[in-house]
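Within every chain, numbering begins at 1; the chains are lettered A, B, ... in the order of the sequence lines, protein sequences first and strands thereafter. Below, all heavy atoms of this structure are taken into account, side chains as well, without hydrogens, waters or symmetry copies.
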Amino acid sequence: MGRGELSSAALPRSFFDRPSHEVAPDLLGRVLVHGSVAVRLTEVEAYGGPGEDPAAHTYRGRTPRNAVMFGPPGHLYVYFTYGMHFCANLVCLSEGFGSAVLLRAGEVVAGLDEARSRRSKAKDRDLARGPARLTVALGLLREHNGLDAVREVSPAGWPRQSATMLEGRPVLPEVIRSGPRTGVSTAKETPWRFWIDGDPSVSPYRAHVPRRRSVAATSVGEVPSS
DNA sequence: AAGGCGATTGGCT
DNA sequence: GCCAATCGCCTTG
C-alpha cells in the first residue's frame, strides 16, 4: 500500500486544545503517520484534564517522566512501562493541564510491509491491536517522546523522525462505543475508553488484576498461615 | 535505601 | 485462563 492513498490533510493544533475526553472520540477513524507506516485509530482512552483523574500519570503533579503531558497540545507523550513496552499518547489542552489520549489500537493502512517486519509473528489484524503493539508497528520509541504530531503533510513524504496526525475519515457517532478504561486500578467507572463498534482491530477489554506478590517476597520470612 | 507495582504482552495449560 | 518477563518511577521508611 503506497503513501499516495493518504490524501488527507493534517489535523490543526486547535483540534487538540480541548479536554482529552472530548478529543478522544473525535480521533477514531483518524490516521497517525510515522515514517513509512500509517495507522487508522480504532480505540483510544482519555486521561487527565481540568478535573481530578486518579488514573492519569499526571495525577500527582509534574515529574520528569510526565512533563510532556503538561506541555503544548498535539505532541506525542511516549512512556515506558512494565520494563519492556512503550505506549503513545497525544497531548491535549493548553500547557499546564496534564491531559492526553492513549492510542490503544488501530488498523495499519500504509507501510504494511514495514509493520509486518517489526511484528513478524503477528497476524495483520493484530499488528496494532493494543497500545504497545501500536507503538511497535509505527516504530515509536523513547526518543519520540515530545515529538510534534502537528505538521504540514509534505508531498515528498514523511521524514523518518516525524509524526503527523491526519484528518482521516471521522466515524459516525452511531458506531462509537464507550466504557471503562482498560487495566486501570482507580477510577474504574469513568467511561473514557472509546472504540469503533465491531472493528476487528479493537483490543479485548481487560479489567485491572492486582498482581500476586513475588515468590521472593512471599517465601522469605513469611509466617505460615494456620 | 528499598520495595511495590504498572494505561502490557505472549506463551503455555 | 494464568502467569512470568523486566525496569523505571514513585512512595515509604
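Counting any heavy atom pair closer than 4.0 Å across all strands shown, A:His57 reaches a base atom. Among the atoms of the strands shown, only primed sugar atoms or phosphate atoms (P, OP1, OP2) are found under 4.0 Å from some heavy atom of A:Arg119.
For A:Arg104 and A:Glu45, the salt-bridge test passes: some basic side-chain N is under 4.0 Å from an acidic carboxylate O. Using a 4.0 Å cut-off between charged nitrogen and carboxylate oxygen, A:Arg119 and A:Asp126 do not count as a salt-bridge pair.
A:Arg30 contributes a side-chain N or O that, together with a main-chain N or O of A:Glu167, makes up a donor-acceptor pair within less than 3.5 Å. Of the possible polar contacts, none joining the A:Arg40 side chain to the A:Leu32 backbone as a donor-acceptor pair under 3.5 Å is found.
OP1 or OP2 of C:dT11 has at least one side-chain nitrogen or oxygen of A:Arg60 nearer than 4.0 Å. In terms of phosphate contacts, A:Lys121 brings a side-chain nitrogen or oxygen within less than 4.0 Å of OP1 or OP2 of B:dG11. OP1 or OP2 of B:dG10 sits under 4.0 Å from a side-chain N or O of A:Arg133. Residue A:Ser185 places no side-chain N or O under 4.0 Å from the OP1 or OP2 atom of B:dC5.
Side-chain atoms of A:Tyr47 lie closest to B:dA7 of the nucleotides C:dT6, C:dC10, B:dA7.
Contact annotation: side chain of A:Tyr82 to base of C:dA5, donor-acceptor pair absent below 3.5 Å. A donor and an acceptor atom sit less than 3.5 Å apart, one in the side chain of A:Arg211 and one in the base of B:dG6.
Stacking here means ring centres nearer than 5.5 Å and ring planes tilted less than 30 degrees, and by that measure A:Phe80 does not stack onto C:dG8.
Base-pair partner of B:dA7: not found among the strands shown (Watson-Crick or G-U wobble, both distances under 3.5 Å). In this entry C:dT6 has no Watson-Crick or G-U wobble partner, no candidate having both defining distances under 3.5 Å.
The OH atom of A:Tyr205 sits 11 Å away from the P atom of B:dT8 (whole-angstrom rounding). Spacing between atom NE2 of A:His21 and atom C1' of B:dA7 amounts to 18 Å, rounded to whole angstrom units. Nucleotide B:dG6 holds its P atom 16 Å from the OH atom of A:Tyr59, rounded to whole Å.
Rounded to whole Å, the P atom of C:dG1 lies 22 Å from the corresponding atom of B:dA7.
Hydrophobic clustering places A:Ile176 together with A:Leu41 (ILVMFWY residues linked when any side-chain heavy atoms are closer than 4.5 Å, directly or through intermediates).
Between A:Arg206 and A:Gly83, it is A:Gly83 whose nearest contact on DNA chain B lies nearer the 5' terminus.
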